[in-house]
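In what follows, a single structure is set out as C-alpha cells and then discussed.
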Amino acid sequence: SSDLAGMGLAAKSRLTMSDHFLRIQELLRVAQANSGPKGSQPKIDKAALVALETSTRKVYDHYVLTIVNQAEREGAAELAKAREEYLQLAHDLLDLLEQGKTVQAETFNTEKLKPLWDKAREQINHIVDLNQEGVINAMVDVQSIATANMRLSVGALLLAAGLLNLFRLI
C-alpha cells in the first residue's frame, strides 16, 4: 500500500532530519566547551551535513509519490516549507560558529533553530501518523474481506454438502 511506503519514507525522513539536528547540536556543544581565550572552534564537516540534507530531500521526493489524499498533500507541503526554513537557519548557525560567535549561536539556536526544528519534527510525526492510520485501515479492510471470504467459503461448502445429500436421495 502507498500508506505503508509513505510511513517508511516519512520515518526515514524523520531519521535523517534528526541526525542533522543532533550533529548541529553537537557542534554547538563543542564550540561552547572550547569557548574562551585558548579555545578553538570545532571543525565543521559540511560534507556530512550536506549529505544528510540531500538524503532528506531525496526521501521527501520519493514520499511525495506515495501521497493519496489531501491531508497528506497539505502535511507534505508544510513539512517541505519547515524543512527548508530549518536548513537555512542551521546554515546561519554554522556561519556564527565559524565566525567564533558562540554566544550568539547559542541564542540563535534557542530562539530560532530549535523552535523551527520542533515544528518540522511535529509535521513529520503528523505525516507518519497519517500513513500509519492508512495502514491500519487497510489492514482492517483486508481482515474484513478475509472474514467475508471465509464465510462465503463455508456457505459454499454447506450448500455443496446439502446438494450432494439431496442428489443421493433422488
Side-chain angles (χ1 to χ4, degrees), residues 1-33 42-99 101-102 104-150:
S1 132
S2 61
D3 291 320
L4 184 58
M7 188 172 66
L9 290 167
K12 186 173 181 180
S13 180
R14 177 171 49 192
L15 178 65
T16 56
M17 283 191 67
S18 295
D19 195 14
H20 188 277
F21 180 73
L22 291 173
R23 287 182 188 218
I24 295 289
Q25 296 307 299
E26 180 62 24
L27 289 169
L28 183 58
R29 285 185 206 352
V30 169
Q32 291 167 334
K43 182 179 182 290
I44 297 173
D45 184 358
K46 287 188 177 184
L49 291 170
V50 168
L52 286 169
E53 293 166 13
T54 301
S55 176
T56 300
R57 288 182 178 112
K58 282 182 182 178
V59 169
Y60 175 82
D61 291 344
H62 291 290
Y63 169 74
V64 169
L65 299 175
T66 70
I67 294 175
V68 295
N69 63 49
Q70 189 60 30
E72 280 184 84
R73 203 168 284 107
E74 291 169 1
E78 289 178 33
L79 171 61
K81 182 179 180 219
R83 182 197 64 222
E84 292 306 314
E85 289 174 9
Y86 159 78
L87 291 174
Q88 180 56 54
L89 291 181
H91 285 274
D92 293 346
L93 186 138
L94 291 175
D95 290 343
L96 290 171
L97 289 178
E98 286 180 331
Q99 296 167 23
K101 298 179 179 178
T102 305
Q104 292 93 329
E106 290 175 48
T107 302
F108 188 87
N109 182 61
T110 303
E111 294 176 0
K112 294 186 179 181
L113 186 66
K114 174 94 172 54
L116 193 53
W117 158 249
D118 289 338
K119 179 182 174 184
R121 183 177 41 84
E122 287 174 17
Q123 195 57 43
I124 292 173
N125 289 340
H126 175 67
I127 287 172
V128 169
D129 291 344
L130 284 173
N131 282 277
Q132 186 174 22
E133 182 180 315
V135 168
I136 290 169
N137 290 338
M139 289 171 48
V140 168
D141 291 346
V142 166
Q143 183 61 41
S144 296
I145 291 168
T147 301
N149 285 341
M150 186 174 24

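When all heavy atoms are compared, the tightest approach of A10 to I124 is O-CG2, 3.6 Å. Pairing each heavy atom of L97 with each of A31, the nearest pair is CD2-CB, 3.6 Å. Nearest heavy-atom pair, T66 versus E72, reported as atom, atom and distance to 0.1 Å: O-OE1, 4.4 Å.
Between the side chains of H20 and Q25, no donor-acceptor pair is found at a separation under 3.5 Å. For the 3.5 Å distance criterion, the side chains of Q70 and R73 qualify, holding a donor opposite an acceptor. A side-chain N or O of N131 and one of Y63 form a donor-acceptor pair less than 3.5 Å apart. Side chain to side chain, D95 and Q99 fail the donor-acceptor criterion of an N or O pair below 3.5 Å. Between T16 and S55, the side chains place no donor N or O within less than 3.5 Å of an acceptor N or O (distance only, hydrogens not considered).
You'll find the side chain of R121 stays beyond 4.5 Å of the side chain of F21, heavy atoms only.
Using a 4.0 Å cut-off between charged nitrogen and carboxylate oxygen, R57 and E84 count as a salt-bridge pair.
Between the side chain of S13 and the backbone N or O of L9 there is no donor-acceptor pair closer than 3.5 Å. Remark: the backbone N or O of A76 is paired with a side-chain donor or acceptor of Y60 at under 3.5 angstrom. Between the side chain of Q123 and the backbone N or O of G75 there is at least one donor-acceptor pair closer than 3.5 Å. No donor-acceptor distance shorter than 3.5 angstrom exists from the side chain of D19 to the backbone of L15, with no hydrogens or angles considered.
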